[in-house]
Amino acid sequence: SNQLVGANYDAEAKSYKVTDTGGDLTVNLTDLHDDQIMIQGFTTEFWFRQISQTGTEKTFLRIGSFDGNAVDYLNLQVMINGIQLEWDNFVIHATSSNLKMFDWLYIALWRQESSWHLLVGQNNQYYLSSPSTNTPDNMRGIGNLMLRASNVDGIQYYIRDIFVSNGRE
């Protein structure tokens, strides 16, 4: 079925329209973690188009990282002119005054040499964050994704072509 609570398939836009998830809409991932520290290998990429924002909440996608004991969340957030990744004590962002947040954005996030990298693209122009620094090295993989939207305090958006890979060397 193409129906999820708070995320309905929009045939015209060929994407999910995410407007009010009532909290976090969890997408469970199977076997994307193990006992080994994940130095590199995780990638997620997708297309995103903001519809509107109400209130101050900026998070639209949460990525559940497993540290061997519990799941902690990396938060992808909308900015005025780009996207940022926020997790515990670090923030990286890919921004440009050329980005139009209400048009389709290509977003890619990956882990390489124990650092996170964020890329945002639009109209064949790509903006890359600086690599994250001082990030915990205890990550063992990804447990789930959570879509978040609210028509009271949050982002409403379209999302499509979500790709998640946990390739390891």
Quick check: does any side chain N or O of S129 sit under 3.5 Å from a backbone N or O of L118, one acting as donor and the other as acceptor? yes
For the atom pair CD1 (I51) and OG1 (T19), what is the distance rounded to the nearest 0.5 Å? 7.0 Å
Can you list the steps and then say if L109 with I63 is a side-chain contact (heavy atoms from CB on, under 4.5 Å)? CA-CA 10 Å; L109 174 69; I63 300 166; 3.3 Å; yes
Can you name the closest pair of heavy atoms from L99 and Q122 and give their distance? CA-OE1, 3.5 Å
Kindly work out whether a path of hydrophobic side-chain contacts (I/L/V/M/F/W/Y, heavy atoms less than 4.5 Å apart) joins Y106 to L85. no
From I80 CD1 over to K58 NZ, what is the distance, rounded to the nearest 0.5 angstrom? 9.0 Å
Once you round to the nearest 0.5 Å, how far does CE of M146 lie from CZ of R62? 6.0 Å
Should T59 and Y73 be marked as a side-chain contact (heavy atoms from CB on, under 4.5 Å) after you check the CA-CA gap, both sets of side-chain angles, and the distance that decides it? CA-CA 11 Å; T59 299; Y73 289 92; over 6 Å; no
Starting from the C-alpha separation in whole Å, work towards a yes-or-no answer on side-chain contact (heavy atoms from CB on, under 4.5 Å) for I155 and Q50. CA-CA 7 Å; I155 305 294; Q50 184 175 345; 4.2 Å; yes
How close do T21 and L25 get, heavy atom to heavy atom, and via which atoms? CG2-CB, 3.9 Å
Indicate the atoms forming the closest heavy-atom contact of K14 with Y9, along with that distance. CA-OH, 3.5 Å
Atom of Q112, atom of W110 and distance for their closest heavy-atom approach: OE1-NE1, 3.2 Å
Decide side-chain contact (heavy atoms from CB on, under 4.5 Å) for M101 and I83; before the verdict, give the C-alpha distance in whole Å, the side-chain angles of both, and the deciding distance to 0.1 Å. CA-CA 9 Å; M101 298 306 293; I83 302 295; 3.8 Å; yes
Does a side chain donor of either W87 or D72 reach within less than 3.5 Å of an acceptor in the other side chain? yes
Interatomic distance, D24 atom CG to L145 atom CG [nearest 0.5 angstrom]: 11.5 Å
Which heavy-atom pair separates W104 from A13 by the least distance, and what is that distance? CZ2-O, 4.2 Å
Could you go through E45 and T43, starting from their C-alpha distance and side-chain angles, then the distance that decides it, and tell me whether this counts as side chain to side chain donor-acceptor pair (under 3.5 Å)? CA-CA 7 Å; E45 56 187 270; T43 302; over 6 Å; no
All N/O donor-acceptor pairs, side-chain side in residues 156-164, below 3.5 Å, sequence neighbours left out:
from : atom 1 : to   : atom 2 : distance (Å)
Q156 : OE1    : S52  : OG     : 2.0
Q156 : NE2    : S150 : O      : 2.1
Q156 : NE2    : G154 : O      : 3.2
Y157 : OH     : F60  : O      : 2.9
Y157 : OH     : R148 : N      : 3.4
Y157 : OH     : R148 : O      : 3.4
Y158 : OH     : D10  : OD2    : 3.4

Would you check if the side chain of S132 reaches a backbone N or O of S115 as a donor-acceptor pair within less than 3.5 Å? no
Contact summary for V120 and A94, nearest pair of heavy atoms: CG2-CB, 3.7 Å
R49 side, atom CZ; L105 side, atom CG - distance, nearest 0.5 Å: 10.5 Å
Distance (rounded to the nearest 0.5 Å) between F46 CZ and L61 CG: 5.0 Å
Measure from the side-chain N and O atoms of Q77 to the backbone N and O of M79, and report whether any donor-acceptor pair falls under 3.5 Å. no
